[in-house]
Amino acid sequence: MRFDVVTLFPNMFDDFPEWGVTGRAVECDQVQLNTWNPRDFSADRFGRVDDRPYGGGPGMVMRYQPLADAIDAVKAESSKTAKVIYFSPQGRCLNQLMIEQLAQEDQLILLAGRYEGVDERLIEDYVDEEVSIGDYVLSGGEFAAFVMIDAVIRLLPGVLGNEESAQQDSFSDGLLDCPHYTRPEHINQKAVPEVLLSGHHDNIKRWRFQQMKSRTKARRPELFEQYLLSQAEINN
Ligand code: 6GU
């Protein structure tokens, strides 16, 4: 799989290959991570990538031309049909189902905006999907791009070991994960739940499933409602 990130801060992605299992996938060339700086494409004689907003107001807006030319350059050296994703708080909120669908693609072009955003006509002409990672405001789309890239790469075949199969994740079945414990058995009078020491694998499995449901119900009631609805559907 290939990611092409259009960003004013390409250096932010330099160390990605050093970060854990997703970095290793880049290091081992299972994933190609490229960056493109719109500044290199500015036709303006000062190399400007932003300008003042029509109608006034604070902040700057990223100009159409450098972004359009950067995306055209990516497509010219790869695929004309690669999906273009633009990160902004106005986008559809990212979830695991979207991540699973994105993991089926061969290539994603990720546009990380800065300032107050990008010229709306660039979104209309080039962007296939506008994506947000939650209801808060970031200073730039790069952090959102990291989030998406990490979540997608870990689903690719062979990236996670057996012991951390993506099948067992939170959200893979719509529930939060159960609690985990490792040695020592006692910490400050807190013992590891008895059942986990029992060696009774059916009971352990049942206990973990109960924990997943009770936690989801307590912490994310809306997610739990969704889970119950999807279970009802399966049983029909
Ligand atoms: Cl994708 N971008 C920015 N700038 N802020 C955000 C966001 C994205 N998602 C949530 N807040």
Side-chain angles (χ1 to χ4, degrees), residues 1-16 19-20 22-23 26 31 33-42 48-68 70-71 74-75 82-105 107-156 169-171 176 219-220 222-223 226:
M1 183 161 190
R2 165 174 179 162
F3 297 95
D4 292 272
V5 188
V6 178
T7 169
L8 288 172
F9 300 100
N11 296 350
M12 287 177 73
F13 296 84
D14 286 354
D15 291 340
F16 195 94
W19 299 343
T22 52
V26 176
V31 171
L33 178 55
N34 308 308
T35 53
W36 304 75
N37 192 340
R39 207 170 290 285
D40 298 333
F41 294 87
S42 177
R48 271 185 300 222
V49 291
D50 60 336
D51 206 339
R52 301 192 320 273
Y54 278 117
M60 301 289 269
V61 176
M62 290 182 82
R63 297 173 50 230
Y64 183 104
Q65 178 272 319
L67 295 175
I71 295 168
V74 179
K75 291 187 167 183
K83 194 169 250 171
V84 178
I85 294 172
Y86 170 55
F87 295 101
S88 95
Q90 285 72 47
R92 184 148 76 97
C93 196
L94 193 60
N95 61 35
Q96 191 63 19
L97 182 61
M98 289 159 71
I99 295 291
E100 284 165 16
Q101 288 162 351
L102 293 168
Q104 307 297 318
E105 303 282 335
Q107 182 184 8
L108 293 172
I109 300 173
L110 308 180
L111 175 56
R114 283 266 157 180
Y115 315 118
E116 292 307 302
V118 313
D119 192 302
E120 189 66 21
R121 295 163 292 186
L122 186 282
I123 301 174
E124 290 167 6
D125 291 355
Y126 281 88
V127 172
D128 297 296
E129 184 130 45
E130 195 166 343
V131 169
S132 165
I133 62 165
D135 292 336
Y136 41 82
V137 182
L138 303 172
S139 58
E142 286 82 3
F143 302 103
F146 278 120
V147 167
M148 175 183 284
I149 292 169
D150 182 89
V152 167
I153 292 180
R154 63 185 289 289
L155 292 186
L156 301 179
D169 286 341
S170 282
F171 294 115
L176 301 182
R219 299 179 185 193
R220 299 287 303 277
E222 82 295 353
L223 214 56
Q226 272 303 115

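Start at 1 and go down the list; that is how both ligands and their atoms are numbered.
The N/O atoms of Ile133, backbone and side chain alike, include one that comes under 3.5 Å of an N/O atom in ligand 1. In terms of polar-atom proximity, Gly141 is not counted as a contact of ligand 1, lacking any N or O under 3.5 Å from an N or O of the ligand. Taking only nitrogen or oxygen atoms, main chain and side chain alike, Ser132 reaches within less than 3.5 Å of ligand 1.
Proximity of Ser139 to ligand 1, defined as any heavy-atom pair under 4.0 Å, is not found for any part of the residue.
No donor-acceptor pair under 3.5 Å is formed between the side chain of Glu105 and the backbone N or O of Arg2. Remark: side-chain polar atoms of Arg92 are not paired, donor with acceptor, to backbone N or O of Glu129 under 3.5 angstrom. Within the 3.5 Å criterion, the main-chain N or O of Arg154 finds no donor-acceptor partner in the side chain of Thr22. Side chain of Asp128 to backbone of Val84: a donor-acceptor contact under 3.5 angstrom is found.
Counting only heavy atoms from C-beta outward, the side chains of Val74 and Gln107 approach each other to under 4.5 Å.
If you check which protein heavy atom lies closest to atom 11 (N) of ligand 1, you get Tyr136 O, 2.5 Å. In terms of protein heavy-atom proximity, atom 2 (N) of ligand 1 is closest to Ser88 CA, 3.7 Å. Atom 4 (N) of ligand 1 has as its closest protein heavy atom Leu138 O, 3.2 Å.
Considering each of Gly134, Ala144, Pro89, the one bringing a non-hydrogen atom nearest atom 10 (C) of ligand 1 is Gly134.
The number of heavy atoms from other shown groups lying within 6.0 Å of OH (Tyr136) is above 12.
Nearest heavy atoms, Pro10 versus Thr7: CD-O, 3.5 Å.
Of all the atoms in ligand 1, the ones that sit under 4.0 Å from a non-hydrogen atom of Val131 are 1 (Cl).
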